[in-house]
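Got a structure for you, written out below as structure tokens; questions coming shortly.
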Amino acid sequence: FIVDRHDIPGKNRVKVIIEDQPVFAEDQVNYIGEPILLVVGHDKTDILKILKEIRVAYEDIPPVLTLEEAEQSELFPIFGDDNCFVTYAHCHGDVDTAFKTAETIIENEYRTGYQEHIYLETQGVLATYEKSRVSVFGSIQCPFYVKNALISALGFESDRIRVVQTTVGGAFGGKEDYPSLIACQAAVAALKTGKPVQLLLDRLEDIEVTPKRHPSVIKIRTALNEHHRIIALEADIRLNAGAYMGLSNVVLQRAMFNIAGVYSVPNIRIKGRAVATNTVPNGAFRGFGAPQSIFAMEMHMDGVARELGLDPLEFKVNHMAKKGDLTATGGTFRHDIKLVELIAAVDTMSGYREKIKEFNTRKEGPYRGIGLAMVLHGCGFTGSGERDHIKARVKLRKLSHDRVEILVANVDMGQGLKTCLKKVVAKRLGLPMENIIYENPDTDRVPDSGPTVASRTTMIVGKLLANAAKRLKERWYEGGFIEVTESYKHPPEMQWDDTTFLGDAYPAYSWGVVAVEVEIDPVTYEIETKGTWAAFDIGTAIDRRIIRGQIEGGLLQGLGYGSLEVMQGKAGRVQQRSVTDYIIPTAMDAPKIASQLIDNPYDQGPFGAKGAGELTLVGGAPALAAAVGNALGIRIDRLPVTPEYLMEAVENGKAH
Ligand code: MTE
Ligand code: MOS
């Protein structure tokens, strides 16, 4: 069977945020790897033979391959009349006056590259069509995103569609939107053939065609007064979104709202743009744009401190936000901030303050350096998203024999959700954990408790389950069959304006401090990570062992992003298409990671918990880059920090 756009009964668009991406191409393909049609059959050898015989006649249109090209191009815009998916801005305070009265103005540009998720198993789904219902099983993060996409592409009523999560061995944001595309394709194929259809990408295909972390160009400009205090911050963030918008606007917003990092600045103006290019569409990746912008800000803070002859850490400490201070969007940090304790913990573990003195004065031997980054993560959806769009509902079902089932749409993808949520419910009910059942979600059985993204699940869904468990306990009787449903309620103190982007962007923040020590080979400029130390405030941990796993995994992913993970496009095609060419850290590259948690219970989270999953990645790259900068006496303004980049930076005399 050949399955293409003509077979789509509903709308030939993947329903994500806007509907710009076709399920199968119509008359134009916008990137290499864009799906045109499927060849479906029971024998792989036959399919491969048929595929070999298909010739696609393309009429070439000059492509727009880079951010800069897209902005200058007057050629066949990919999107709208300026190749720009979205442009945003937010501003508070009086930025212009601050810059006019400033003693010093420091400006710099930072660039970050791609990052590919390399989750354990590649993207894949299985679709069936039976008794006029479509069912899709797959490695997915958001069963109801997939279901809504199927409703739109198939034109089916909701009750004719079922989506079931199969066990996921890692997703990291990469299985938020892409599964909707292949689910629609496989479902349409199942409709046409009347047979189950399995669509699995192999690793080469997966790396080539699935979304990645957005490459970025970020300009930061700061105004300082005569006391070396930053009085205003201006930033311009540009993301290369690729050929379709996908989740780029959400990624851009998070990059913007978090760019001030852990610092409170009275006057802020941020601009952002997500630009369309003829390259693979980019999407969500642990941190959603914040790893890019926080890297830029951390490097900027280091750079400003050095330019003014100040100690970077002391300079940062002078600007750290305190409870009651303004956030980057003019909201309020409402809860205790324990950055001082986090810094102290990292300093004790790493000897940061002693070592930096030593490395600053060393003249001989291989280059050694230490760096420290301070990071935050706004937990959960932005602004009023939970209230207006997600509207989460959870259900607890008491069965006989004192067993209780958790019914939520959220998935365990390695972040330990099954343990965490079971623990929350068991603890509230005073039952052993073995009495709690939590199966992979099936949209036929579970209410829509929202997607498993934005580190929202433990904090938001966990809290709803804790509340449900409390009510269940009140109604509890032996042998009884009881169901309790709980719906999301917005914290009343949270104010957010979705047009000006002003107010409380997040209900709560998690915090982290990371230090990295490196040694750099004076001939090859290869970086060896000698040690990594980190302290985090994620509220109160539900399960410390799981958080330790999140810390080690997240940090390693951040260190890889900072140094090893190189991905380049050439003529619109990703060059590093295998795990041989796209190098991620393995066990051999993993440095010793020592970590500590500082308890800081959050009253709205279950047993005091806040979000943790994404935060742990964010500090890895800036701490490593700061360490390299310290070792070589240069300013790092690009990720990844490769030996080639370092050699150029040192030889071009950027060293001081
Ligand atoms: N950890 C593992 N092992 N595997 C993953 O796919 N995803 C990360 C993070 N940690 C991920 C992970 C991302 S992108 C998010 S948003 C959070 O987990 C989700 O965690 P939550 O359960 O708090 O929502
Ligand atoms: Mo995580 S990027 O929100 O899936």
Side-chain angles (χ1 to χ4, degrees), residues 115-123 139-142 145 165 167-179 210-214 246-248 250-255 258 282-292 377-382 385-386 390 392 394 406 408-424 438 441 449-465 506 508 510 536 538-539 541-543 545-558 561 602 605-606 609-618 620:
Q115 189 179 20
E116 161 59 39
H117 307 83
I118 315 282
Y119 21 63
L120 282 180
E121 81 284 6
T122 55
Q123 306 260 4
S139 176
I140 58 180
Q141 268 180 267
C142 315
Y145 281 6
Q165 179 231 348
T167 297
V168 174
F172 307 111
K175 291 167 183 169
E176 276 186 53
D177 57 350
Y178 194 81
T210 65
K212 304 171 205 326
R213 186 185 295 290
H214 292 68
L247 297 161
S248 291
V250 184
V251 173
L252 178 62
Q253 287 179 18
R254 212 173 246 283
N258 292 284
N282 293 313
F285 195 144
R286 207 169 189 172
F288 276 110
Q292 289 94 312
H377 179 78
C379 307
F381 263 87
T382 302
E386 286 287 347
I390 305 299
V394 307
I406 293 174
V408 294
N410 299 91
V411 313
D412 196 325
M413 48 199 186
Q415 88 282 39
L417 199 61
K418 285 199 169 162
T419 307
C420 280
L421 295 187
K422 279 190 202 174
K423 243 178 145 168
V424 166
Y438 175 7
S449 49
T452 310
V453 305
S455 305
R456 68 182 282 277
T457 317
T458 298
M459 186 178 85
I460 302 279
V461 179
K463 181 65 180 181
L464 292 177
L465 284 171
Y506 308 101
S510 296
F536 293 99
I538 53 149
I542 301 288
D543 188 290
R545 199 151 49 143
I546 279 176
I547 295 303
R548 194 164 155 215
Q550 288 293 291
I551 292 173
E552 298 191 358
L555 272 174
L556 200 57
Q557 215 165 26
Y561 176 50
Y602 167 51
K610 299 187 281 197
E614 290 167 280
L615 173 75
T616 56
L617 176 141
V618 188

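Start at 1 and go down the list; that is how both ligands and their atoms are numbered.
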Passing option when Leu615 is tested against His377, Arg286, Lys610 for side chain to side chain contact (heavy atoms under 4.5 Å, CB included): His377
Nearest-0.5 Å distance that lies between atom CG in Leu555 and atom CG in Leu617: 8.0 Å
Pairwise distance CD1(Ile551) to CD1(Ile538) - rounded to 0.5 angstrom: 7.0 Å
Proximal ligand 2 atoms for Ala454, defined as those under 4.0 Å from one of its heavy atoms: 1 (Mo), 3 (O)
Gap separating the CD atom of Gln292 from the CZ atom of Phe285, nearest 0.5 angstrom: 10.0 Å
Ligand 2 contact on Phe288 by region, counting heavy-atom pairs under 4.0 Å: side chain
Worked check of side-chain hydrogen bond (donor to acceptor under 3.5 Å, both in side chains) between Tyr438 and Asn410: CA-CA 10 Å; Tyr438 175 7; Asn410 299 91; 5.7 Å; no
Set of side-chain contact (heavy atoms from CB on, under 4.5 Å) partners for Val251, sequence neighbours left out: His214, Leu239, Phe288
Gln253 and Thr382 side chains, donor-acceptor separation under 3.5 Å: no
Donor-acceptor pair, side chain of Ser449 and main chain of Val394, under 3.5 angstrom: no
Contact atoms of ligand 2, heavy-atom distance to Gly173 under 4.0 Å: 2 (S), 4 (O)
Within-cut-off N or O pair, Gln141 and ligand 2, under 3.5 Å: yes
Under 4.0 Å from ligand 1 - residues by heavy atom, chain and number: Gly170, Ala171, Phe172, Gly173, Arg286, Met413, Gly414, Gln415, Leu417, Val453, Ala454, Ser455, Arg456, Thr457, Thr458, Gln550, Gly613, Glu614
Interfacing atoms of ligand 2 (cut-off 4.0 Å, heavy-atom, Arg286): 2 (S)
Gln550 and Thr616 side chains, donor-acceptor separation under 3.5 Å: no
Proximal ligand 2 atoms for Glu176, defined as those under 4.0 Å from one of its heavy atoms: 1 (Mo), 2 (S), 3 (O), 4 (O)
